[in-house]
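Have a look at the structure below, then the notes.
All values below were derived from every heavy atom in this structure, side-chain atoms included, with hydrogens, water molecules and symmetry-related copies excluded. These figures come from a predicted structure and were not determined experimentally.
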Amino acid sequence: MGLSSFSLGFFSKTPKISLPKTLIFTTPSISSKPHLKFNPIFRPSTLTLFLPIQKPNTKTHFKSRICCLFTGIVEEMGEIKQLGIAEQGGFEMRIGAKTVLEDVNLGDSISVNGTCLTVTEFDTQSSEFTVGLSPETLRKTSLVELEPGSAVNLERAVRSTTRMGGHFVQGHVDGTGEIVSKEPEGDSLWVKVKAGRDLLRYIVPKGFIAVDGTSLTVVDVFDGEECFNFMLVAYTQQKVVIPSKKVGQKVNLEVDILGKYVERLLSSGFVDSIRSS
């Protein structure tokens with residue numbers, strides 16, 4: 001299988017893929033469709049191209065289910081195996097995992113670092129599954145920073161019988177934050193994250209927030225610094241990817257949807273209409 005690396009920056013309609021002169025492809029050529037380039041505010045990762053592989057044990061039947069809600073309780077940390085341009089021209093990411101594959105079906109929703117993604121292919125024998133990535137997903141999330149070998153938080157969408165251990169998480173990332181400090185206290189870890197004012201207005205002390213898909217309780221909000229913080233106990237530190245990230249790296253943020261609904265109702269005049277009725 002041939003591999004090629006490329007850098008991603010801002011959107012452009014002109015493909016910009018540099019290949020070593022010594023590398024010769026014997027596989028079908030890449031589609032000439034516009035290629036994605038990322039906004040410079042992100043730190044681009046090196047993506048490797050997927051090439052077709054024969055998978056005799058890969059299931060090909062499709063069984064749809066309605067899966068659109070998560071709890072923010074990470075089930076396991078998976079490992080990025082490959083990511084890059086799919087044969088049909090889109091972007092794909094292949095992830096190694098075990099727990100989330102126990103009852104997987106094509107079309108299922110799995111939260112990857114808090115981003116709801118659809119399973120497009122899986123192989124239970126090799127313990128891997130593939131998800132598709134849209135350009136918008138890569139623009140709005142921290143997934144662009146991932147590389148082969150990176151660890152990611154994984155959670156299957158909830159069922160009606162699932163215990164609600166965290167809070168209502170949709171897997172619709174509102175934006176990214178930047179880790180600005182990590183301070184240990186005993187066996188716990190304080191983490192401070194900088195977020196834009198557009199997100200910070202929905203974040204309240206002792207309220208819920210999903211950070212890289214992990215349901216957490218906000219401790220304090222620092223409006224002047226445009227930051228908030230939270231604490232990770234020793235057990236949680238071993239089960240999620242946040243402690244392994246460095247200061248300056250980005251995390252996916254999803255604020256509590258209840259705050260957005262309240263804001264929408266107030267701005268629409270709903271409360272005033274009730275008062276006048």
Which residues pass the side chain to side chain contact (heavy atoms under 4.5 Å, CB included) test with V180, sequence neighbours left out? K192, K194, C227
Could you tell me which residues satisfy salt bridge (Lys or Arg N to Asp or Glu O under 4.0 Å) with D256, sequence neighbours excluded, listed by chain and number? none
Between E76 (side chain only) and A97 (backbone N and O only), is there a donor and an acceptor less than 3.5 Å apart? no
Minimum heavy-atom separation for L101 and T124, please, with both atom names. O-CG2, 4.1 Å
Quick one: side-chain hydrogen bond (donor to acceptor under 3.5 Å, both in side chains) partners of E102, sequence neighbours excluded? none
Quick one: hydrophobic cluster around Y261, which other residues, with the 4.5 Å side-chain cut-off, linked directly or via members? I257
Under 3.5 Å donor-acceptor, K98 side chain and S127 backbone: no
Using a 3.5 Å cut-off and no angle test, enumerate the donor-acceptor pairs between side-chain atoms of residues 197-210 and protein atoms at least two apart in sequence or in another chain.
{"unit_1": "R197", "atom_1": "NE", "unit_2": "E226", "atom_2": "OE2", "d": "3.0"}
{"unit_1": "R201", "atom_1": "NE", "unit_2": "E263", "atom_2": "OE2", "d": "2.9"}
{"unit_1": "Y202", "atom_1": "OH", "unit_2": "E263", "atom_2": "OE1", "d": "2.4"}
{"unit_1": "K206", "atom_1": "NZ", "unit_2": "V219", "atom_2": "O", "d": "3.3"}

For the residue pair F129 and V100, establish whether any side-chain heavy-atom pair is separated by less than 4.5 Å. yes
Any N113 side-chain heavy atom under 4.5 Å of L143 side chain: yes
For V119, is there any backbone N or O sitting under 3.5 Å from a side-chain donor or acceptor partner on D108? no
D212 backbone acceptor or donor facing N153 side chain under 3.5 Å: yes
To the closest 0.5 Å, what do you measure between CG (D220) and CZ (F228)? 12.0 Å
Please check if the side chain of E155 supplies one atom and the backbone of T71 the other of a donor-acceptor pair under 3.5 Å. yes
Could you pull out all residues at least two apart from E75 that satisfy salt bridge (Lys or Arg N to Asp or Glu O under 4.0 Å)? R156
Using salt bridge (Lys or Arg N to Asp or Glu O under 4.0 Å) as the criterion, list what pairs up with E183, not counting sequence neighbours. none
Treating Q237 as the side-chain partner and D187 as the backbone partner, does any N or O pair qualify as donor plus acceptor under 3.5 Å? yes
Side chain to side chain contact (heavy atoms under 4.5 Å, CB included) filter on I80, not counting sequence neighbours, yields L83, M93, I95, L146, S150, V152
CD1-CZ distance between I242 and F230, expressed to the nearest 0.5 angstrom: 4.5 Å
Excluding sequence neighbours, so at least two apart, what forms side chain to side chain contact (heavy atoms under 4.5 Å, CB included) with S126? D123, E128
Do L106 and V112 belong together in a cluster built from hydrophobic side chains that touch within less than 4.5 Å? yes
For K260, check side-chain hydrogen bond (donor to acceptor under 3.5 Å, both in side chains) against everything at least two apart and list the hits. D174
Do V193 and V251 come within less than 4.5 Å of each other through their side chains, counting heavy atoms only? yes
Within the 4.5 Å heavy-atom criterion, are L253 and V173 side-chain neighbours or not? no
Between K245 and S142, is there a side-chain heavy-atom distance shorter than 4.5 Å? yes
Check side chain to side chain contact (heavy atoms under 4.5 Å, CB included) between S188 and all other residues, then give those that pass, not counting sequence neighbours. M231, V233
Joining Ile, Leu, Val, Met, Phe, Trp and Tyr whenever any side-chain heavy atoms lie under 4.5 Å apart, the cluster holding M77 also takes in V241
